[in-house]
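What follows is a set of notes on a single structure, which appears directly below.
Side chains included, hydrogens not; waters and symmetry mates left out as well; all remaining heavy atoms used.
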Amino acid sequence: MQLVTLGSSSRGNSYVIQSAREALVLEAGIDFQEVQRALNWNVSKVAACLITHEHQDHSARVNDFLDARIPVYASGGTIEGMNIQSGVKPITCVQGQPFTAGRFQVIPFRTKHDSVEPLGFYIRHPEMGTLLFATDTYYLPFTFDGLNNIMIECNYSRSILDANIEAGKLPKLVRNRVVQSHMSLDNCIRTLTANDLTKVNNIILIHLSDGNANPPDFQRRVTLATGKTVHIAQPGKRIQLKPTPF
């Protein structure tokens with residue numbers, strides 16, 4: 001199973017997980033043609049698109065997915081907050097209630113963000129094992145069993161953020177919003193190490209801030225803290241997701 005990053009920033013977020021026969025799209029914040037291109041134009045193999053919350057960088061292209069008859073799953077609050085114009089409606093999913101899309105088994109869980117009803121997703125597929133997907137959340141109140149692959153927000157460094165505010169590059173009000181809605185490097189490491197990482201093959205750091213993050217340093221520090229293979233999500237990056245490290 002291959003992960004393709006199409007976008008992972010405030011400019012737009014979308015990821016495609018696919019095999020030769022089946023695909024799952026995470027987030028709808030990137031031009032739909034980019035998604036089609038990543039799928040080699042085989043949209044029919046997409047089992048679903050999962051959307052974490054209603055902010056535009058995650059949901060702006062939702063109507064394109066619906067018009068293409070791709071099942072879109074999101075919380076009730078997220079659906080209400082999106083500008084749904086398609087004649088096809090999204091499917092409401094509820095935290096803690098599993099559902100199946102193709103051979104993907106999904107369990108939604110609550111996250112902590114400044115949106116109506118944000119969710120993360122714990123996903124299982126025979127060809128990749130399990131995947132934890134958590135973005136736009138300042139911490140996770142849960143731990144997870146049997147992890148094989150992790151996509152987790154690592155948005156900012158407190159020291160970089162404070163230095164930018166001190167230098168006048170950002171207004172002070174921005175700091176409160178960032179701290180209360182996005183995951184810091186330190187919280188990312190705490191979240192990861194609170195889980196059993198024994199069977200984890202890949203940790204992918206997503207949604208890094210353009211101005212408040214240092215990607216090479218983040219990758220180095222998370223690698224030291226976890227002892228795992230750590231990637232930075234960048235447009236065009238491809239990563240093999242496997243249930244085992246072999």
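- Between R21 and E127 a salt bridge is recorded (basic side-chain N to carboxylate O distance below 4.0 Å).
- For the atom pair C93 SG and I107 CD1, the distance stands at 12.0 Å (nearest 0.5 Å).
- A continuous path of Ile, Leu, Val, Met, Phe, Trp and Tyr side chains, each step under 4.5 Å between heavy atoms, connects L26 with L241, placing both in one hydrophobic cluster.
- Atom CG of D217 and atom CD of Q219 lie 10.5 Å apart (nearest 0.5 Å).
- Linking Ile, Leu, Val, Met, Phe, Trp and Tyr whenever their side-chain heavy atoms come within less than 4.5 Å leaves L185 and Y139 in two separate clusters.
- Linking Ile, Leu, Val, Met, Phe, Trp and Tyr whenever their side-chain heavy atoms come within less than 4.5 Å leaves I17 and Y122 in two separate clusters.
- With hydrogens and angles disregarded, no donor-acceptor distance shorter than 3.5 Å links the side chain of Q97 to the backbone of P108.
- Follow the hydrophobic side-chain contacts under 4.5 Å out from V88 and you reach I70 in the same cluster.
- Using a 4.5 Å heavy-atom threshold, the side chains of L3 and R238 count as separate.
- Looking at heavy atoms from C-beta onward, N212 lies in side-chain contact with L170 at the 4.5 angstrom threshold.
- Nearest approach of A68 to V43, heavy atoms of both residues: CB-CG1, 4.4 Å.
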Next item on the list: Please step through side chain to side chain contact (heavy atoms under 4.5 Å, CB included) for the pair C188 and F218, ending with a clear verdict.
Entry: CA-CA 10 Å; C188 177; F218 282 20; over 6 Å; no
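- Between the side chains of E153 and H182, a donor-acceptor pair is found at a separation under 3.5 Å.
- For the 3.5 Å distance criterion, the side chains of N202 and T229 fail to qualify, holding no donor opposite an acceptor.
- M128 and L147 fall into different hydrophobic clusters, where Ile, Leu, Val, Met, Phe, Trp and Tyr side chains are chained together by heavy-atom contacts under 4.5 Å.
- Few gaps surround NZ on K89; more than 12 heavy atoms of other groups in view lie less than 6.0 Å from it.
- Heavy atoms only, all atoms of each residue included: L50 and F99 are closest at CD2-CZ, 3.9 Å.
- With M151 as the fixed residue, the side-chain contact (heavy atoms from CB on, under 4.5 Å) test singles out one of I203, L205, T5, L131: L131.
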Margin query: Please evaluate residues L132 and F109 with respect to the criterion side chain to side chain contact (heavy atoms under 4.5 Å, CB included), reporting the C-alpha separation (whole Å), side-chain torsions for both, the decisive distance (0.1 Å), and the verdict.
Written below: CA-CA 10 Å; L132 173 67; F109 58 88; 3.5 Å; yes
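- Within a 6.0 Å sphere centred on NZ of K228, heavy atoms belonging to other residues, nucleotides or ligands number more than 12.
- Looking only at distances, a side-chain donor or acceptor of N63 sits under 3.5 Å from a matching main-chain atom of N83.
- Side chains of R110 and P118 form a contact here, defined as non-hydrogen atoms less than 4.5 Å apart.
- Heavy atoms of other residues, nucleotides or ligands lying less than 6.0 angstrom from CZ of R69 number 12 at most.
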Check: Between F104 and E22, does a side chain to side chain contact (heavy atoms under 4.5 Å, CB included) hold up when you go through it step by step?
Finding: CA-CA 9 Å; F104 293 96; E22 196 168 25; 3.7 Å; yes
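- Using a distance-only test at 3.5 Å, with no hydrogens or angles considered, no donor-acceptor pair links the side chain of D114 to the main chain of R177.
- Distance OG/S184 to CG/N155: 9.0 Å, rounded to 0.5 Å.
- Judged purely by distance below 3.5 Å, without hydrogens or angles, the side chains of H113 and Q180 never pair a donor atom with an acceptor atom.
- Considering only heavy atoms from C-beta on, T78 stays 4.5 Å or farther from S59 through its side chain.
- Taken to the nearest 0.5 Å, the NZ atom of K169 stands 10.0 Å off from the CD1 atom of I160.
- Looking only at atom types and distance, the side chain of Y15 has a donor-acceptor partner in the side chain of S8 under 3.5 Å away.
- The 12-atom threshold is not exceeded at CG of D145, counting heavy atoms of other residues, nucleotides or ligands nearer than 6.0 Å.
- Formation of a donor-acceptor pair under 3.5 Å by the K242 side chain with backbone atoms of G129 is not found in this model.
- Relative ring orientation between F32 and F65 is described as perpendicular, the plane-to-plane angle rising above 60° on a 0-90° scale split at 30° and 60°.
- In terms of heavy-atom proximity, I30 sits nearest to S14 at CG1-CB, 3.6 Å.
- With a 4.5 Å cut-off on side-chain heavy atoms, I51 and V62 count as touching.
- When atom types are taken as modelled, the side chain of S115 and the backbone of E117 share no donor-acceptor pair closer than 3.5 angstrom.
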Check: Could you walk me through whether D64 and R61 pass the side chain to side chain contact (heavy atoms under 4.5 Å, CB included) check?
Finding: CA-CA 5 Å; D64 294 330; R61 306 296 180 175; 3.7 Å; yes
Next item on the list: Please step through side-chain hydrogen bond (donor to acceptor under 3.5 Å, both in side chains) for the pair E27 and T52, ending with a clear verdict.
Entry: CA-CA 7 Å; E27 310 286 41; T52 58; 2.7 Å; yes
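- A side-chain donor-acceptor contact under 3.5 Å links N13 to the backbone of S9.
- Considering SG of C154 and CD1 of I232, their distance stands at 7.0 Å, rounded to 0.5 Å.
- With hydrogens and angles ignored, the 3.5 Å screen pairs a side-chain donor or acceptor of N164 with a backbone N or O of G211.
- In this structure the side chain of T130 never reaches within 4.5 angstrom of the side chain of N149, judged on heavy atoms.
- When all heavy atoms of I204 and A233 are compared, the pair lying nearest together is CG2-CB, 3.9 Å.
- A134 and L140 make their closest contact through CB-CD1, 3.8 Å (heavy atoms, listed as atom of the first residue, atom of the second, distance).
- In this structure, I189 and A225 approach most closely via the heavy-atom pair CG2-CB, 3.6 Å.
- Of the possible donor and acceptor atoms, one in the side chain of N195 sits under 3.5 Å from a partner among the backbone N and O of T191.
- Between R11 and D57 no salt bridge is recorded (no basic side-chain N to carboxylate O distance below 4.0 Å).
- With rounding to the nearest 0.5 angstrom, the CD atom of Q85 is 9.5 Å from the CG atom of D67.
- Using a cut-off of 4.0 Å between Lys/Arg side-chain N and Asp/Glu carboxylate O, D186 and R221 are scored as salt-bridged.
- Side chain of D196 to backbone of T198: a donor-acceptor contact under 3.5 angstrom is found.
- In this structure, the side chains of Q18 and L39 come closer than 4.5 Å at one or more pairs of heavy atoms.
- Between H53 and H58, the two ring planes are tilted [angle within 30° to 60°].
- With a 4.5 Å cut-off on side-chain heavy atoms, I150 and F144 do not count as touching.
- Here the side chain of D31 pairs a donor or acceptor atom with the backbone of Q33 at under 3.5 angstrom.
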